[in-house]
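What follows is a short report on a single structure.
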Amino acid sequence: MDQDINYIEIEKKWQSKWAESHSHSPNFTNLEDKFYCLTMFSYPSGDKLHVGHWYNYGPVDTYARYKKMNGANVFQPQGFDSFGLPAENYAIKHGIPPAKSTNLNISKMKSQLQQIGAMFDWSNELNTSDPKYYRWTQWLFLQLYKNGLAYQKTAPVNWCPSCKTVLANEQVKNYPSKKDKPAPGLSYNGCDRCKTEVVKRDLKQWFFRITDYAEELLANLDDLNWPTKTKHMQKNWIGKSVGAEIEFSVKDTDSKISVFTTRPDTIYGATYIVLAPEHLSVKELATSQNSANIDAYILEARNKSEIERLAADKEKTGVFTGAYAINPFNDEEMPIWISDYVLISYGSGAIMAVPAGDERDFEFAKKFKLPIITVVSEDGQPNESGICYSDHGICLNSENLNGLTSEDAKVLICDELKSRDIGGAKTQFRLHDWLISRQRYWGAPIPIIHCDDCGAVAVHDGDLPVQLPTDIEFSSTYGEDISPLATSESFLNADCPNCNKPAKRDPDTMDTFVCSSWYYLRYPNANIDTEAFDGSRLNWLPVDLYVGGAEHATMHLLYARFITKALRDFGFLDFGEPFKRLIHQGTITKDGAKMSKSKGNTVSPDKFIERYGSDTFRAYLMFMGPFDEGGDWNDKGITGISRFLGKVVNICSRIDRKYTSDVSTIKLVHKAIKYVGQDLDQLKFNTAISKLMELSNVLIKHDSIDEFTVKSLILLLAPIAPHLSEELWSLHFNSDNSIFTESWPIYNESKIVDDEIQIAVQVNGKHRGNIRIEINQNKESVLGMAKSLETVAKYLSSGNLVKEIYVPNKIVNLVVKP
RNA sequence: GCCGCAAUGGUGGAAUUGGUAGACACGCUGGUCUUAGGAACCAGUGCUUUACGGCGUGGGGGUUCGACCCCCUCUUGCGGCACCA
C-alpha cells in the first residue's frame with residue numbers, strides 16, 4: 001500500500017476540527033432546507049457504548065451527512081434520558097446520590113458518543129434530570145392538569161414488588177412462565193424492566209387522559225410514514241371495538257346493570273348476565289342464601305395470581321348471585337352470575353352472555369346448564385343444536401330481527417336502545433389512561449400541593465421547578481408504603497398556593513416516559529430559559545426522520561403522539577403528529593441471540609475501533625444487511641470493509657490530473673453516483689457500500705485515475721466514512737474546507753446509457769444462451785440472432801416454434817412444442 | 001387461539017419489483033510475495049455430472065411464454081395481542 005492511514009489519529013484530528021468550526025449546528029433561521037434528524041436518546045448507564053448504540057447512531061449519521069451534502073440544513077441533536085431506576089438502585093447499593101452518578105455517566109457517555117464522529121449538535125444538548133429540563137416537564141404536567149387531561153383516581157393498578165412502584169399498562173408485559181415459575185407452560189404479567197410478576201394494588205394515582213385521544217391516535221396512523229408493523233401494534237393496543245351499550249334492569253330492584261357488546265344483534269340469545277368478581281354491584285345483588293358462596297368466590301379470585309386467571313384453557317368457574325336481570329327485548333329473566341372470565345378492566349366489567357354465539361359463554365353455559373338459544377346462523381335456518389356459531393349471518397329466533405343480516409339487526413337494536421333510553425351504539429377502546437405516578441425518587445416531582453381545604457392545587461408556574469430534595473436517605477426498604485420523597489420533611493411541607501395554609505406536596509415522581517414524551521419539542525429550544533418552546537423554533541418540528549428501537553411501539557411512540565396532540569389542542573403547536581417518518585433499526589445479535597451481559601455474549605466495539613477505526617466499524621455495521629433488519633455479528637466480516645477502504649486509499653493515491661479515463665470507466669463512475677445516491681436516499685446502506693466496492697474493484701486495476709473519478713469516489717464515500725474522506729479530500733485536493741461543505745456529485749444520464757447490451761435467450765422459459773445487441777435493435781434482427789445461436793437452434797430443429805416473445809432490451813423467449 | 005413479518009449457496013446478504021437467481025462480502029480451495037503470516041495481492045467457488053446436461057430461492061399445488069416476486073395451501077422461525085365481550 002502506498003500510504004498508511006492512522007485511523008485513530010485522523011479521527012481525533014477531524015473530530016476536533018468539526019468541533020472548533022461548530023459545523024454541526026444548523027442555521028436555525030433557514031427553514032426551507034431544514035432536516036430534523038433524530039435518533040432516540042439513551043440512558044446514561046455508565047457502561048461503555050455497545051454495538052447497539054453504534055448501530056443506531058452510525059447509519060443515521062451517514063444518512064444525515066448524505067442529506068447535508070444534498071443541501072439540507074441538518075439538525076441532529078443528542079441528549080440523555082437520565083431519570084430512572086438504575087441510578088437510584090445504584091445509590092441504594094453504593095450510597096452515591098443519583099445526581100452525582102448520573103452526571104458522571106453522562107460525561108463519560110458523551111465523550112464516547114463523540115468518538116462515533118457523528119454530526120451531533122452538542123450546543124443543544126438535553127438532559128432530562130437537569131432542573132432546567134424537568135422544570136418544563138412539570139410545566140407540561142400542569143398544562144395537562146389545567147386542561148383536564150391529568151387527574152387522580154383510586155384504581156387497581158399494577159405494582160412491581162421488585163421496582164417498588166406502580167407501572168402503566170404499557171409497561172406490563174405478558175411473559176411465558178419458566179419452569180421454575182408457578183405455572184409452567186403458561187404466561188404471567190410482569191414488569192417490563194425486571195420481569196417480576198406484577199400484583200394489583202388499589203392506590204390513588206395520577207393519570208393522563210390518553211383515552212380522550214384514542215379515536216384520533218387510531219385514525220391518524222393511516223397517514224404516517226411509519227413501519228406498518230408499528231402502526232399495527234398501536235392499532236391493536238388502542239383496540240377499538242364498535243358495538244352497543246345495553247342497560248338491564250334487575251328484577252324486583254331499582255338497580256341497573258350496563259354491559260358492552262359488539263353483538264347487539266344477538267340480544268334475543270342473551271340468556272344470562274355475568275359480572276366480574278370485582279364489579280361494584282356484586283355485593284348489593286347477592287341474595288342472602290348465596291352471599292357466602294359469593295364471598296368465597298371473590299376471595300378466591302382475588303387470591304388467584306394473574307397467572308392462574310390468565311390461563312386461557314382453564315375451566316370456567318363462577319357462582320350464581322341469586323338475582324335476575326330482565327332482557328329488555330323479550331322480558332325474559334336472565335340469571336346474574338359472577339365469573340372471573342369477565343374482566344373488570346374492560347367495558348363495564350359486565351357482559352350479556354350469548355352462549356350460542358360466543359365460545360366462552362358457550363363453555364360456561366354448558367358447564368352450568370344455562371339455556372342456549374341459536375339466534376344467528378349462516379343462512380337464517382336453525383343449525384344442529386349443540387354448536388356455537390360466532391360469525392355474522394342471518395338472524396333467527398329473534399322476533400322482528402328474523403331474516404335480517406347481523407349488520408342490519410345491529411343498527412335496528414342500537415336505534416331502539418337509544419329511543420328507549422337504555423343504551424345505544426357505543427365504541428369501546430382497549431386503551432387505558434396513562435398512569436404516570438411513580439413511587440420513586442429519581443424522577444420529575446409532580447408539581448401538585450395537596451391542601452386539606454383546597455384539594456389538589458397546581459404549583460404556580462413561577463415556582464417551577466419543584467426541585468428534588470437532596471436530604472433523602474437511599475434505602476432498600478423504601479417504596480413499600482411510602483414514596484421516598486415523603487421521607488423529606490423539607491420537600492414535603494409546603495404552603496397551599498391557593499390559601500397559603502400548610503399543606504403537603506405530592507410525594508410521587510413522574511414516569512420517565514413523561515420526560516421523553518416531549519423532548520423532541522425541546523431540542524431546538526434547548527437554550528431558551530423563559531418558556532418551554534419558542535414559536536419560531538417550533539417551525540423545526542415535526543421531526544423529519546426519527547429512528548429508534550421497535551420496542552417503543554406502544555409506549556414512548558404512543559405517549560409522544562398523545563402529548564403532541566394535547567399540546568396542539570392547548571394552542572402551543574400547529575401540528576398533531578411529532579414524527580413524520582419513523583424507522584426502527586434492527587438488532588445486532590451474537591450467535592443468533594440478543595446480546596446481554598447476563599448471557600455473556602456482548603461484543604465490545606472498543607477492540608474493533610482500536611484496530612480498524614470508527615469509520616471501518618460503522619461501515620461494517622451498515623454493510624451487514626438491511627438497516628431495519630439488523631444481523632448477526634461476525635468478527636471476520638469487518639476485514640472486507642477494511643480491505644475496501646484500503647483500496648480506496650490506494651486508488652486515490654494514483655490520481656493523475658492529466659489522465660483521461662476510458663469511456664467504460666467514466667460510465668462506471670456515473671453509474672456509481674446514481675445508484676449510491678439512490679440507495680442512500682432509501683437508507684439502503686448495505687447496497688450503497690457494495691456498489692462502491694464494485695467501483696473500487698475495477699479502479700484498483702488501473703495505474704492512473706483521473707481527477708473526476710477520485711473526486712467522485714471520495715465524495716460518495718464521505719457519508720459512510722466521514723473521517724477518512726475528510727483526510728483523503730484534504731490530502732488530494734488541498735482544500736481548507738470540510739468535504740461536507742461540498743455538494744454530492746452529479747451524474748450525467750447520457751454517460752450511463754449503454755449502447756450495446758447483453759440479453760438472455762430462453763427456450764420454453766429455460767436459459768439457453770446470451771446475445772449482444774445494440775440498444776433498441778429491431779425485433780426481427782434480435783430474434784434472428786437468437787435463433788441462430790447454436791445452443792438454441794438445436795431445440796428449434798427438434799420441434800415447432802409456436803411463439804416468439806421479445807421484451808425489448810430484456811429477453812427473448814422462444815416457445816417450442818414437439 | 002388471533003394478527004403481522006419472514007424463510008435465497010458453507011455464512012451475511014443482492015436481484016432494476018414478472019424477464020440471465022446468487023451482485024457485494026465473509027469463509028473455503030489453489031497460487032504469488034515473504035524468515036514468518038491470523039498481513040497483502042491474484043484466481044476459483046450454488047448443488048450434481050467425466051462431459052452434454054440435469055437440479056436449484058422452506059414443502060406442495062396453481063396462474064403465466066416466463067415466478068424468489070402474483071394466487072391457494074402447508075411447515076418452520078420471529079414479533080405483537082391474548083377469556084377485550
Side-chain angles (χ1 to χ4, degrees), chain A residues 1 173-174 187 227-237 239-241 243 259-263 266 270 274 276 309-314 316 339-343 345-354 357-361 363-364 390 428-431 550-551 553-554 587 592 620 623-626 629 631-644 646-647 650 675 678 684 686-697 700-701 758-771 791 794 802-817:
Chain A
M1 193 155 306
K173 296 261 140 60
N174 200 239
S187 60
T228 44
K229 184 179 99 180
T230 310
K231 295 206 259 186
H232 243 99
M233 281 169 70
Q234 290 210 348
K235 193 178 168 188
N236 289 340
W237 190 260
K240 179 177 177 176
S241 293
V259 307
F260 173 74
T261 176
T262 53
R263 296 299 300 274
T266 62
V274 188
R309 284 188 65 164
L310 282 172
D313 52 354
K314 158 198 108 158
K316 296 271 182 290
S339 173
D340 63 6
Y341 85 91
V342 173
L343 309 176
S345 56
Y346 186 76
S348 60
I351 62 157
M352 66 175 212
V354 184
D358 182 287
E359 295 288 352
R360 297 153 300 181
D361 298 344
E363 201 188 313
F364 191 86
S390 55
Q428 183 70 43
F429 293 95
R430 214 194 66 106
L431 181 72
E551 67 274 15
T554 54
T587 313
Y620 175 54
F623 185 64
M624 283 173 63
E629 284 174 29
D632 201 55
W633 177 266
N634 176 342
D635 282 2
K636 297 259 176 68
I638 197 168
T639 59
I641 293 287
S642 173
R643 286 172 193 158
F644 158 65
K647 270 184 209 173
N650 193 338
Y675 293 117
Q678 263 181 16
K684 288 162 83 173
N686 55 331
T687 50
I689 293 171
S690 77
K691 272 153 199 160
L692 283 172
M693 285 172 165
E694 284 182 70
L695 177 65
S696 60
N697 287 344
I700 197 77
K701 296 194 164 85
Q758 177 181 288
I759 65 164
V761 180
Q762 300 182 331
V763 177
N764 294 334
K766 288 210 165 103
H767 184 215
R768 295 299 178 191
N770 296 320
I771 51 173
T791 49
K794 69 179 183 188
V802 296
K803 199 167 181 182
E804 299 170 335
I805 291 146
Y806 174 53
V807 181
N809 304 323
K810 288 229 165 125
I811 202 163
V812 172
N813 188 13
L814 304 171
V815 185
V816 177
K817 289 209 170 142

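Residue numbering restarts at 1 for every chain, and letters A, B, ... go by the order of the sequence lines. Computed from a prediction, not measured in an experiment: that's the story for all the values here.
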#### Entry: Residues that A/Arg430 engages under side-chain contact (heavy atoms from CB on, under 4.5 Å), provided they are two or more places apart
A/Trp237, A/Tyr346

### Task
Could I get the full list of side-chain contact (heavy atoms from CB on, under 4.5 Å) partners for A/Thr791, not counting sequence neighbours?
A/Leu789

In chain order, what residues pass the side-chain hydrogen bond (donor to acceptor under 3.5 Å, both in side chains) check against [X], with sequence neighbours excluded?
| X | result |
| --- | --- |
| A/Thr230 | A/His584 |
| A/Gln428 | none |
| A/Thr639 | none |
| A/Thr687 | A/Asp679 |

In this structure, how many angstroms lie between the [atom2] atom of [N] and the [atom1] atom of [X], rounded?
| X | N | atom1 | atom2 | answer |
| --- | --- | --- | --- | --- |
| A/Ile351 | B/C83 | CD1 | P | 13 Å |
| A/Ile641 | B/C24 | CD1 | C1' | 10 Å |
| A/Tyr806 | B/G66 | OH | C1' | 16 Å |
| A/Asp632 | B/A25 | CG | C1' | 15 Å |
| A/Ile638 | B/G27 | CD1 | P | 12 Å |
| A/Leu343 | B/A85 | CG | P | 10 Å |
| A/Arg263 | B/C83 | CZ | P | 20 Å |
| A/Leu692 | B/C24 | CG | P | 14 Å |

### Message
One pair to check against side-chain contact (heavy atoms from CB on, under 4.5 Å): A/Leu695 and A/Tyr675. What are the steps and the verdict?
### Response
CA-CA 11 Å; A/Leu695 177 65; A/Tyr675 293 117; over 6 Å; no

### Message
Check the phosphate of B/A40 against A/Arg643, side-chain N and O only, distance under 4.0 Å to OP1 or OP2. Yes or no?
### Response
yes

### Message
For a quick test of reading the model: is some side-chain N or O of A/Thr228 closer than 4.0 Å to OP1 or OP2 of B/C5?
### Response
no

On a whole-Å scale, what distance lies between the [atom1] atoms belonging to [N] and [M]?
| N | M | atom1 | answer |
| --- | --- | --- | --- |
| B/A39 | B/U35 | C1' | 15 Å |
| B/U29 | B/G9 | C1' | 16 Å |
| B/C47 | B/U11 | P | 11 Å |
| B/A6 | B/C71 | P | 12 Å |
| B/C26 | B/C42 | P | 11 Å |
| B/U17 | B/A67 | C1' | 12 Å |
| B/C68 | B/U63 | P | 16 Å |
| B/G56 | B/C2 | C1' | 36 Å |

### Message
Across nucleotides 14-21 of chain B, 5' to 3', mark each nucleotide with B, S or - according to how protein heavy atoms within less than 4.0 Å reach it.
### Response
SS---BB-

### Message
Protein within reach of the bases, or only the backbone? For nucleotides 42-58 of chain B, mark each nucleotide 5' to 3' as B, S or -, using heavy atoms under 4.0 Å.
### Response
-----------SSS---

By nearest atom, which of the nucleotides [options] is closest to the [X] side chain?
| X | options | result |
| --- | --- | --- |
| A/Asn634 | B/G12, B/A85, B/C26 | B/C26 |
| A/Val815 | B/C81, B/C65, B/A85 | B/C65 |
| A/Lys803 | B/C65, B/C3, B/C24 | B/C65 |
| A/Arg430 | B/C81, B/A85, B/C83 | B/C81 |
| A/Asp340 | B/G4, B/C83, B/G27 | B/C83 |
| A/Phe623 | B/C26, B/A85, B/C24 | B/C24 |

### Query
Nearest 0.5 Å, what's the CE-OG1 distance between A/Met233 and A/Thr554?
5.0 Å

### Message
What does the 5'-to-3' dot-bracket notation of RNA chain B look like when only Watson-Crick and G-U wobble pairs under 3.5 Å count, and pairs to other strands show as |?
### Response
(((((((..(((......[....)))((((((.......))))))(((....)))..(((((..]....))))))))))))....

#### Entry: A/Lys647-A/Asn697 side chain donor-acceptor pair, cut-off 3.5 Å
yes

### Task
Kindly write out the residues that satisfy salt bridge (Lys or Arg N to Asp or Glu O under 4.0 Å) with A/Lys235, not counting sequence neighbours, or none if the list is empty.
none

### Message
Checking A/Glu804 now: which residues fulfil salt bridge (Lys or Arg N to Asp or Glu O under 4.0 Å) with it, not counting sequence neighbours?
### Response
A/Lys787

Identify each atom pair where a protein N or O and an N or O of nucleotides 30-34 of chain B are less than 3.5 Å apart, giving names and distance.
none

### Query
Does NZ or CZ of A/Lys316 come closer than 6.0 Å to the centre of the six-membered ring of A/Phe364, within 45° of the ring's axis?
no

### Task
Without swapping roles, check the side chain of A/Asn764 against the backbone of A/Lys766 for a donor-acceptor pair under 3.5 Å.
no

### Query
A/Thr554 near the nucleic acid: base, sugar-phosphate alone, or nothing, with a heavy-atom cut-off under 4.0 Å?
nothing

### Task
For A/Asp361, answer base if it contacts any base atom (sugar-phosphate contacts may also be present), sugar-phosphate if it contacts only those atoms, and nothing otherwise; contact means non-hydrogen atoms under 4.0 Å.
nothing

### Task
Quick one: do A/Phe644 and A/Ile700 satisfy side-chain contact (heavy atoms from CB on, under 4.5 Å)? Show the steps, please.
CA-CA 10 Å; A/Phe644 158 65; A/Ile700 197 77; over 6 Å; no

### Query
Which heavy atom of A/Lys229 sits nearest a heavy atom of A/Ala550, and at what distance?
NZ-CB, 4.2 Å

### Task
Identify the two heavy atoms, one from A/Pro626 and one from A/Asn686, that lie closest to each other, and give their separation to 0.1 Å.
N-ND2, 3.6 Å

### Task
Please name the residue in the list A/Ile811, A/Val812, A/Leu814 that meets the side-chain contact (heavy atoms from CB on, under 4.5 Å) test with A/Gln762.
A/Ile811

### Task
Pull up the glycosidic torsion of B/G9 and say syn or anti, syn being anything within 90° of 0.
syn

### Summary
With syn defined as a glycosidic angle within 90 degrees of 0 and anti as anything else, the base of B/U45 is anti

### Task
On RNA chain B, check which nucleotide each of A/Asp358 and A/Met693 is closest to and give me the residue with the more 5' one.
A/Met693

#### Entry: Residue whose closest nucleotide on RNA chain B lies nearer the 5' end, A/Lys173 versus A/Lys636
A/Lys636

